[in-house]
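Written below as structure tokens is the structure these notes are about.
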Amino acid sequence: MIDLKYLQNNFDEASARLSKKGVAPEILGNLKELFASLKDANSTFETKRAEQNRLSKLFGEYKQKGLDTNEIKAELDSLKAELSKLQDDARIANEDLESLSLVIPNFPDENVPDGADEDDNIELKKVLRPKEFGFEPKEHWDLGVANEWIDFERGVKLAKSRFSVLKGQGARLERALINFFLDTNAKAGFEEFNLPLMNNSNMLLGTGQLPKFEEDLFKIDNEDLYLIPTAEVPLTNLYNDEIIDSSSLPILMTAYTPCFRKEAGSAGRDTRGMIRQHQFDKVEMVAIAHPESSDEIFDMMVENASNLLTQLGLPHRLVLLCGGDLGFGASKTVDIEVWLPGQNKYREISSISNTRDFQARRAKIRYKEDGKNSFVHTLNGSALAAGRTLIAIMENYQQEDGTIAIPEALKSYL
RNA sequence: GGACAGUUGGGUGAGUUGGCUGAAACCACAUCCCUGCUAAGGAUGCGUACGGGAAACUGUACCGAGGGUUCGAAUCCCUCACUGUCCGCCA
């Protein structure tokens, strides 16, 4: 959630910043008005309520002393009627404000480039050079089936399309990757967690998946529970509604979880292969940071994720997302894209974002410093998406005879 | 799934014949004093959010959530959620 006081006091600046994300100024104008009318409604209500409290107390005292209370009673009766309406007004104003403010995206950082979509993203750097194959490199779905690492048909039989089965060496390799990621993250200072894979709606609201993106989530029938689309949700919300002593910051966390996504808006995209699945394995990093150090931690997280690919010998590049491609809650995002020789292109394998205080406001995560409470900054990033890393290994380490070599860094894990 | 009990501030835990309790007491924590040796004693402070005020301070809301009764509810009533214990079932 954006800072509504800031919006109110710096409207032009705020709306210029949000236009980068394609938010129309009129919508922000509405938001500002709703905020003003909530304050109005509250203050009217509070004044009357104070009066009621005062008279009510007096009423009690009169009763005790056996004085005549008729006059006070009459006043209180009329106040009561008034208050019930004022309270409704305030409640409605609050609901209106909330329903709009929760679907307004976060401000992009100043240095986020303008742009509409991924074509306007900026490549920051390339790491490792794609190797030359002396033959035509195959795509992972061919390699996966030929080596009996992936069984697409049976995945569909068990569930539906966009589900697959890993088997034998493929399954072992993915498990090795997960362990390698977790161990490496731990060395970088991230504490490991094992988390509920279903979270309630308030948690999804906290990290920003709800209310706007409900159609992307798998919901459990008759329960206030959703399958998590990323470990960012439970990790960040570990501190939901908590106040952290500033001396404990930053808090660095990592977790392996399966992730579940409906991919509602992706019909027809990546239908073949294992790139875009309803369920996939991912190791996530989350940081809860002091606002002053969140940029530094962001860079460290990008470095850490990139380093994982480097250790695996996988060529990749870092991309700074433009305003139009930036996610709902992010103020800044660097994507890491791994080279897939079979597809002959770079594909996203990690996305590291600083949401600044956007999620912290929704999830009420604060830190206490010198007796004062302020919102923390929250950051998240994949390190890494295990399924896509497996794909990258298959395509980059394929050999002319169709078999797949094992990266040196993983050998101790197999 | 069945039965009973419970849900109060960072923790333990009073308050359940409705108003003097946003909340005792104790612990923890912070600052200070005393004192001195790895202890003890004393003083003060110490929930969150929003609003007013330069500040001191002050108004409103919050005692699991929502609704009701009442001039007034942590305290009475209803619904729901969660937790604990016992039983059943189970990896």
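The chains referred to below are lettered A, B, ... by the order of the sequence lines, with proteins before strands, and numbering in each begins at 1.
Along RNA chain B, the nucleotide nearest A:K80 and the nucleotide nearest A:S43 are compared for position; the residue whose nucleotide lies closer to the 5' end is A:S43. Each of A:F45 and A:N42 was assigned the nucleotide of RNA chain B with the nearest heavy atom; the assignment lying further toward the 5' end belongs to A:N42.
Pair assignment for B:G47: B:C62, on the basis of Watson-Crick or G-U wobble contacts that are both within less than 3.5 Å. B:U83: Watson-Crick or G-U partner is B:A5, with both key distances under 3.5 Å. Using N1 to N3 plus N6-O4 or O6-N4 for Watson-Crick, or N1-O2 and O6-N3 for G-U wobble, each under 3.5 Å, B:G88 pairs with nothing.
Ranking B:C71, B:A61, B:G51 by closeness to the A:R49 side chain, first place goes to B:A61. The A:S56 side chain lies nearest to B:G72 when the options are B:G72, B:A49, B:G51. In the set B:U60, B:U48, B:G72, the nucleotide with an atom closest to the side chain of A:Q52 is B:G72. Looking at the side chain of A:N53, the nearest of the listed nucleotides B:U60, B:G72, B:U48 is B:U60. Side-chain proximity of A:K5 to B:A61, B:G51, B:U48: nearest is B:G51.
Counting any heavy atom pair closer than 4.0 Å across all strands shown, A:D77 reaches sugar-phosphate atoms only and no base atom. Across all strands, A:I72 comes closer than 4.0 Å to no nucleic acid atom at all (heavy-atom distances).
Residue A:P108 is tested with A:D114, A:L326, A:T333 for a side chain to side chain contact (heavy atoms under 4.5 Å, CB included); the sole match is A:L326. Test A:K48, A:R54, A:R49 against A:Q52 for side-chain hydrogen bond (donor to acceptor under 3.5 Å, both in side chains) and you get one pass: A:R49.
Ring pair A:H290/A:Y367 is tilted by interplanar angle, where 30° to 60° counts as tilted.
No donor-acceptor pair closer than 3.5 Å links the side chain of A:R356 to the backbone N or O of A:S294.
Judged by distance alone with a 3.5 Å cut-off, a donor-acceptor contact links the side chain of A:E46 to the base of B:G59.
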